[in-house]
Amino acid sequence: MKSFVYLAVLLVLFLSSVSTSKEKQIKKEETIEKRVKNLLSKMTLEEKIGQMTQVTIETMAKQHGTATQHFEYDINKMKDAIVKYHVGSILNVYDVALSVDYWHKLITQIQDIATKETRLKIPILYGIDAIHGANYTTGATLFPQAINMAATFNSDLVKKEGEITALEVRASGIPWNFYPVLDLGRQQLWPRLWETYGEDVYLDSKMGESYIEGAQGDDISDKDKVAVCLKHYVGYSFPISGKDRTPAWISERMMQEYFLPPFEKAIEAGAQTVMVNSSEVNGIPGHSNYHLLTEVLRGQMKFKGLVVSDWQDIERLYTRDKVADSPEEAVRMAVMAGVDMSMVPLDFSFYNYLLKLVKEGKVPESRIDESVSRILRVKMMLGLFENPYPDENLKSQFASKQSDKINLQASEESIVLAKNDGNILPLSKNAKILVTGPTANMLSVLNSGWTITWQGNEESLYPKDKPTVLKAIQEKINSANVKYVEGTSFDSEINIEEAVKAAKDVDDIIVCLGEHAYCETPGNINDLTLDAAQLKLAHALIKTGKPVILVMIEGRPRVINSIVDGAKGILLAFLPGMNGGEAISNILFGDANPSARLSVTYPKFPDDLVHYDYKPIEAAEGNQFDPQWPFGYGLSYTTFNYSNLKLDKNEIKKGEKIKISVDVKNTGNRKSKDAVLLYLNDEYASVSRPVKQLKRFSKIELNPGETKTVEFTLDDYDLSFIGRQDKRIVEPGKFKVFVGDLSSEFTLLK
Ligand code: BGC
C-alpha cells in the first residue's frame, strides 16, 4: 500500500512536470509570436527584404583561405552587407576550415555590426554545412558519413553525433547547421549517395529523428544546441542519369511513399528550417514548385519554419532551368512558390529585384511579412536576440577525448563485414602483411567531401595525429611485418608488379580500393564499375594464391563482382570518418567485432540497380533480384541464433497495435553487437507492395551464450501505404513479418 501511494505521488509529480514544461513551451511560443509581430511592425521594406537575403562570407573577404594562407575578412564589405543591405544571414567558409578562435573573432565582429550598428539590432543567423561533425572548424570530431552512420543501425550513436556536432558547431559560434540530409539514397550512382542515410524510408526517417533529437535537444536556445536544416526538399536524390543536379521523375504516389516521409517525421521531431532541392522533379525546378513548397510542406506537413534556397538556385531558374525569362522573374517565382530566404549568395541581386517587385506590386508585402516572421521566429527560438555571441566556455568541450571515443565506436559499428571465407578474419597480429591500393594511405578518402574543404581532398590539411589504414596497421602490429606498395592510383597503374613481388614474403594481403574524396557534381561518374586499374591490382594479387582481404573505401557501392570470388575477406568500409583508419585496423585484427549492416543494396552489375524492397514483378517470370549484397546484410565474428518469433495476436482490428518478440542468442565465442531487423510484407493489396520493408530495428549487445528477447510494436502507420487515389490508406488482409530467418503472419480484420 505504502509503495502504491509512493508510486502515485511520483506519477502525479511526473505528469505535472510534463504539463508545466508543456505550458512553459506554449508560453514561450506565445511570447515569441508577440515579439515577432512587434518587431515586424517596426521594419521598413528594405529591412524586411534584407532579412530574406543570405550571402556567403566570400562576399566579405579580404583574403581567400587556402592550404597556405588564412582567410581574412574585410570589415567594410561586411558593413556593406549588414548595414546597407540589412542581410539576415551569412554562410559558409572561404574556402578552408577556420580555427575555433578565428570563428569567434569572425562571428563576434559580424554580431557587433548587426547589433550595434543597425537600426533594429537584429542578430545575424550564421549557417554552415556541418555534415559529419563540425567539418569547417579545424580539429573537430569528424564522424563517419551518413551512409555509414545508417549502417550502424544504432540510433543512439546518431543522436550522440547530433549532440557532439551541435556542441562543436555552437562552440564555433554558429547556431545553424545545414543538416541532416534526408534525401533517400535510391540512386547508387549519385555522387551525394554517401550524404544520405541509405535507401530505406524507415531507416532514413529514424536516423533523421535521432540526429535532430541530439542536435536540437528540448530547446534550441540551449547554449550547446543548434537549429537543424532538412535538405534537400524534395526528390533531389533520384536523378535518372545518376548525375548530380539532373532531372528526377517521381510520381505523386512514389513521392508520398518514399521521399516525403523522412521530412514529415523530421518536422514532427521539431525541425525549424528546410533547404530546397537544387534540381527538378517532373520538369518543375525545386525552387519554383508551389505544390511541394507550399501545398505539401505547409498544408499537408504543417511546417511553420523557414525555407532557405540552395546555393544560387533562384537565379538558376533563369540561367539554367529557363522557366523564368529574366532574373527578376526568377525571384518572383521562387518567393511566390514558398521560398523565404535566398542563398543568393555572391551578390545582392535578390535584394534589389525583390525590392523592385514589391514596389511594383508584383509580390504582395504580406508574402514578405510571412517569410520575415518565419526568419525572425527562428532567430528568437535560438536565443540570438539575448545572446548572439560565441560562448567562450564551450571551447573546453570542443573535440574532447570522450567525443573521439564515441566517434571511434561509430566508425567500428559502421563498417560492414561482407565476406569471411574460412574465418580468415580477424588476422593474427603475428602475421606478415602486405598493404596496398590507392585508399591505404590517405585520410581524405576515409572522410570524403565536406571535410576541411568542400571537396575534402586537400590531404595536406588533414590532422597529423590521425592514422591512415596503413599507419594504424603499422601501429597495431610489429611494423617490421608490414610491407606497403602503392600498386595503383585511383585510375592508373603505379607498380602492380612490385606489389605482386612483395606478396611472396607475406601471409596475407590487404588491398584497399575505392574512391578519391569528392562531393556534389565533381563526383559524377559514367560507370559504377570500379576503375580498371584497381581491379587489375586485385586480380594480380588474387592470382598469387595468398589470401586477399579487400577493404572498400568509397562513397557509393562501386561494382567489384569480378574480384569478389577471389577475395577471402571483404570489408565494406564506405566513409568511416577521421577514426576510420583505426577502426578498420581494429576490425582486421580482431580488436573490434563488426556489427554493421548495409544501408544500401550493393549491386553486382552496373545496370542492375534494384533495391531490397523490390516489387514481386522484379523477381517473377525470368526476372531476379541478384545484388552483390542486399540492404541489411552484414556478418560478424560471432554467430547468432534467432528463435521464438512470437506475435501477441494473430488478428488485429484497425487502430490496434501488434507486439512482436524474438529471442536472439549469441552462439559464438565473442561478445558482440547485433542489429535485429524486423521486416513486413503486405501479402495482397490494391497497389503492388514491396516483397518486404524494414519497419523496426534494434541494436543489442550479447555476451557469448547470452540470449536476449527483443520486442517490437507495430501500428496502423506501419501497415499503411499510398493507395490508388494517392492517399495513405490501410487495407485489411494478411501481413507477414520477418526477423532473421524466421517469419510469421497476422491478419488485419475488416
Ligand atoms: C549544397 C547544399 C549546401 C549548400 C551550402 C550547396 O551546393 O547543395 O547541400 O548546404 O551548398 O554550402
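Sequence positions, counted from 1, serve as the residue numbers for this chain. Atoms within a ligand are numbered from 1 in the order they appear, just like the ligands themselves.
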I'd like to know if Glu268 pairs up with Lys302 as an ion pair, taking the criterion as any Lys NZ or Arg NE/NH1/NH2 lying under 4.0 Å from an Asp or Glu carboxylate oxygen.
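Between Lys302 and Glu268 there is no salt bridge, as every charged N stays at least 4.0 Å from the carboxylate O atoms.
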Which protein residues have a heavy atom under 4.0 Å from ligand 1?
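These residues qualify: Leu91, Asp129, Phe178, Arg192, Lys231, His232, Arg245, Met275, Asp310, Trp311, Met343, Trp450, Glu520.
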I'd like to check the side chain to side chain contact (heavy atoms under 4.5 Å, CB included) partners of Glu209; sequence neighbours left out, ordered by chain and number.
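Applying side chain to side chain contact (heavy atoms under 4.5 Å, CB included) to Glu209 gives Lys206, Lys265, Ala269.
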Mind checking ring pair (Phe, Tyr, Trp, His ring centres under 6.0 Å) for His104 and listing every partner two or more places apart, or none if nothing turns up?
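Counting only residues at least two positions away or on another chain, His104 forms no ring pair (Phe, Tyr, Trp, His ring centres under 6.0 Å).
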List for me each residue that meets side-chain hydrogen bond (donor to acceptor under 3.5 Å, both in side chains) alongside Glu329, sequence neighbours excluded, and say none if there are none.
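Scan of Glu329 (side-chain hydrogen bond (donor to acceptor under 3.5 Å, both in side chains), adjacent residues dropped) gives Arg332.
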Close aromatic pair by centroid cut-off 6.0 Å: Phe143 and His132:
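No, they do not, as the ring centres are separated by 6.0 Å or more.
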N/O donor-acceptor pair under 3.5 Å between Asp129 side chain and Trp450 backbone:
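Judged by distance alone, no pair lies under 3.5 Å.
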